[in-house]
Trainee: 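One structure is given below, represented as C-alpha cells, and several questions about it will come after.
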Amino acid sequence: MAATDPNISAATPVIRQLDEAAVNRIAAGEVVERPASAVKELVENAIDAGATRVTVDVADGGRRLIRVTDDGCGISAAELPLALARHATSKIDGSDLLNIHTFGFRGEALASLAAVGRLTLTSRMDGGDASEIAVEGGRHGPVRPAAAQRGTTVELRDLFFATPARLKFLRTDRAEGQAITDVVKRLAMAEPSVAFTLRDVTGGGEGRVTFRVGAESGDLFSALERRLAAILGREFAENALPIDATREGLRLTGFAALPTYSRGSAVAQFLFVNGRPVRDKLLIGALRAAYIDFLSRDRHPAAVLFIDCDPHLVDVNVHPAKSEVRFRDPGSARGLIVSGLRHALAEAGHRASTTVAGAALGAFRAEPTETPRVYQMDRSYTASTPVVTHLFEAGETFSAAPVPEPEAAAVPGDAPLGAAQAQLHRNYIVAQTADGMVLVDQHAAHERLVYEKLKTQARDKGVAAQALLVPEIVEMDQSQASRLLDETDALARLGLEIEPFGPGAIAVRATPALLGPVDARALIMDILDELGAGDDILSLTARVDAILSRVACHGSVRSGRRMGPDEMNALLREMEATPHSGQCNHGRPTYIELKLADIERLFGRT
C-alpha cells in the first residue's frame with residue numbers, strides 16, 4: 001500500500017499571499033544564517049555610510065546582543081521607518097543592477113534582522129537631532145527623539161527570538177564569537193583606512209576588547225601591509241611578497257606569502273573582489289594552481305588578494321550572502337591570479353621565509369638555569385694571569401695560540417649564500433656569508449635545481465632521453481600499466497620512453513638524461529602515484545610539471561653523498577641563479593640563514 005504524501009492534502013490546494021512578516025522571516029533565513037551574518041551586514045552598512053570608526057559589541061556569541069556603532073553620515077528621522085522597509089536602499093536607484101560600488105545594495109538586511117530579533121536603530125546626521133525607532137519581530141514602533149553622536153547605532157537583541165527553531169542550529173557561544181571575529185577581521189583587511197573595535201560585553205559593563213586596529217594612512221601597499229601585520233602577525237608581513245598585476249581590465253593587488261611560509265589548512269587565504277570579501281571556488285582554485293609548483297598537496301599558501309575591476313565585469317548578485325561572484329570572463333580572472341603570483345614568486349629568487357631561521361634559533365637556545373652562567377670571556381684577568389687550556393683527561397697543559405682562519409674558496413663578494421666551509425653528515429653544507437652563515441640541505445636544493453632544468457627543457461624542445469643498454473622491466477597491476485601506457489606520448493616528451501611488455505608489465509627503454517643513473521622502477525611508481533592523484537582542475541601544463549617534480553627527486557644529489565668544496569660552491573652559485581630555489585618542490589626550505597648578530601646572542605656576546 002502506497003504511503004500518503006504529507007505535502008499533498010485531500011482538499012484542493014489554495015494559493016495564498018503570505019503576509020509581510022512571514023516574507024521577512026523567510027528572507028532573513030537567506031541573509032542571516034548566524035550572528036556573524038548579522039554583524040557582516042551591519043558593519044558593511046557602516047562602511048557604506050562613510051564611517052572612519054566602527055565599534056562592534058556582542059554578548060553571548062551574538063545571540064543576546066549585537067550592537068554596531070559608526071561615525072558615518074547618519075539617517076534623518078523622516079527616513080528611519082523607510083530604512084527598515086524591504087528593498088529600500090540609498091545605494092542604487094534600480095536602473096543598473098551591475099553598477100555596484102558598495103557592499104550592500106538590496107535593502108534587505110535591516111528588514112530581515114528586524115523580522116527575527118528586537119532591533120533598535122538610532123541615528124543622527126550632521127546639523128540634525130538624533131532619533132531612534134524600535135522594531136520587535138517585524139512590528140514597528142514610533143520614531144522618538146534620542147541622544148547620540150553623529151552616525152548610526154544598530155542594536156539587535158535576542159536574535160532569532162521570532163524564529164526559535166533557528167537557535168537550535170547555532171553552535172556554542174565561543175564558536176559563534178570566533179565567527180564574528182573572523183568577519184570583522186576580513187572587513188578590516190578590506191578597509192585599512194577604517195578603525196575597528198570588537199568587544200565582548202557578556203555579563204554587562206564595558207566588556208573586554210577582543211580585537212582592535214587603528215585607521216592606517218599612506219599609500220595602498222604600506223597601509224595594507226601594516227593592517228595585515230596587525231591582523232595576521234608580523235611573520236606574515238615579513239614573509240609576504242607584494243602583488244600588483246593587471247590583465248584585460250582586471251587588477252590584482254595584495255600580498256602572497258613565500259612557499260616556505262605555508263600552512264596546514266586554508267585558514268590564511270583571504271580573497272576580495274572590488275573590496276568585497278568572497279569565498280569563491282574559481283579564485284581559490286587559481287590560488288592553489290599558482291603554488292602547485294612549490295607545495296605538496298597537504299600544504300596551503302597564505303595570501304591576501306584583491307581583484308578590482310569595472311563593476312560591469314563581475315556579477316556580485318549571484319549568492320544570497322554575496323560571498324560568491326561571477327566574472328564575465330572567468331579565464332582572465334584565473335589567469336591573472338596564476339600569472340601574477342608566479343611572477344612575484346619568481347622575482348623572489350632563492351629567498352626563504354624568516355620563520356625558518358627563527359625556528360632554528362629557537363632550537364639552538366639553551367634551557368634557562370637558575371643561576372646565570374659565568375663564561376670564560378667574562379672572567380677578569382691581570383696582565384700576569386697565564387692563559388692556558390687544561391686537558392684534564394690527558395693531564396697535559398698547552399699554551400693557547402691563535403688559530404689561523406681557514407682560507408675560504410673564492411666567491412663573488414656579493415654572493416648571498418656565501419662560500420662553502422664544510423659538509424655535515426654528508427647532507428648539509430655550511431657556508432659563511434658576509435654577515436652570518438647558511439646551512440643548506442643539499443638534496444632539497446639540488447631537487448629544485450633539477451626540476452627547474454627539466455621544466456626549461458620540456459618547454460623548449462622536450463627533455464633529452466638516455467637510452468638504457470638493457471630495458472628495465474617493471475611489473476604492476478594491469479590497470480596501473482594501462483593508466484601509464486595511456487600517457488606514453490606525454491612521458492616520451494619528458495625523456496621517459498616506455499612500451500608494453502605483456503599483461504601487467506612495462507619496459508622502460510630510456511630515462512631523462514639529466515638524471516643520470518636512476519632507479520627506473522621507483523621512478524615509474526612515483527609517476528603512477530602522481531597520475532593517480534591527478535586533479536581535474538589542474539591544467540595540462542600543471543599536470544606535466546607535477547610529474548616533472550616527481551622525476552626531479554630521483555635525479556638529485558642524494559643524502560649521504562660526500563661533496564668537495566668546488567661542488568658545494570657550484571651548488572650555491574646555481575641556487576643563487578635559479579628562481580624558487582629557497583624551497584624544494586614540496587615547499588620545504590632548502591637552506592637556513594642565521595645572522596651573525598643572532599648567533600652572538602645565542603652565546604651571550606651581546
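What you are looking at is a predicted structure, and each value in this text was computed from that prediction instead of being measured.
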Trainee: Check whether any side-chain heavy atom of Arg588 sits under 4.5 Å from a side-chain heavy atom of Asp441, and report yes or no.
Mentor: no
Trainee: Verify, without hydrogens or angle tests, whether Arg263 (side chain) and Ala268 (backbone) share a donor-acceptor contact under 3.5 angstrom.
Mentor: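 Side chain of Arg263 to backbone of Ala268: no pair is present.
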Trainee: Is there side-chain contact between Arg483 and Gln480, with heavy atoms separated by less than 4.5 Å?
Mentor: no
Trainee: Can a donor-acceptor pair be found, under 3.5 Å and without considering hydrogens, that links the side chain of Asn274 to the backbone of Cys309?
Mentor: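 Yes; judged by distance alone, with no hydrogens or angles, the pair exists.
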Trainee: Could you tell me whether the side chain of Thr590 and the main chain of Ser581 form a donor-acceptor pair under 3.5 Å?
Mentor: yes
Trainee: Is there a donor-acceptor pair under 3.5 Å between the side chain of Gln269 and the backbone N or O of Pro301?
Mentor: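 It does hold such a pair.
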Trainee: Answer yes if the side chains of Glu41 and Asn45 hold a donor-acceptor pair under 3.5 Å, and no otherwise.
Mentor: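 No donor-acceptor contact under 3.5 Å links the two side chains.
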Trainee: Name all residues meeting the salt bridge (Lys or Arg N to Asp or Glu O under 4.0 Å) criterion together with Arg67; count only those two or more places apart in sequence or in a different chain, and write none if there are none.
Mentor: Asp57, Glu155
Trainee: Nearest 0.5 Å, please: how far is CG in Leu336 from CD1 in Ile307?
Mentor: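 Rounded to the nearest 0.5 Å, the CD1-CG separation comes to 6.0 Å.
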Trainee: If we only count heavy atoms from C-beta on, is the Leu220 to Asp244 side-chain gap below 4.5 Å?
Mentor: no
Trainee: Heavy atoms, side chains only, cut-off 4.5 Å: are Pro277 and Phe270 in contact?
Mentor: no
Trainee: Under a 4.0 Å N-O cut-off, is there an ion pair linking Asp315 with Arg326?
Mentor: no
Trainee: What is the ring orientation for Phe255 with Phe221, classed by angle as parallel under 30°, tilted 30 to 60°, or perpendicular over 60°?
Mentor: perpendicular
Trainee: Using atom types as modelled and distance alone, determine if a side-chain donor or acceptor of Arg226 lies under 3.5 Å from a backbone N or O of Glu216.
Mentor: no
Trainee: Looking just at side-chain N and O atoms, do Ser332 and Glu248 make a donor-acceptor pair shorter than 3.5 Å?
Mentor: yes
Trainee: Less than 4.5 Å apart, any side-chain heavy atom of Leu484 and any of Leu491?
Mentor: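 Sidechains of Leu491 and Leu484: in contact.
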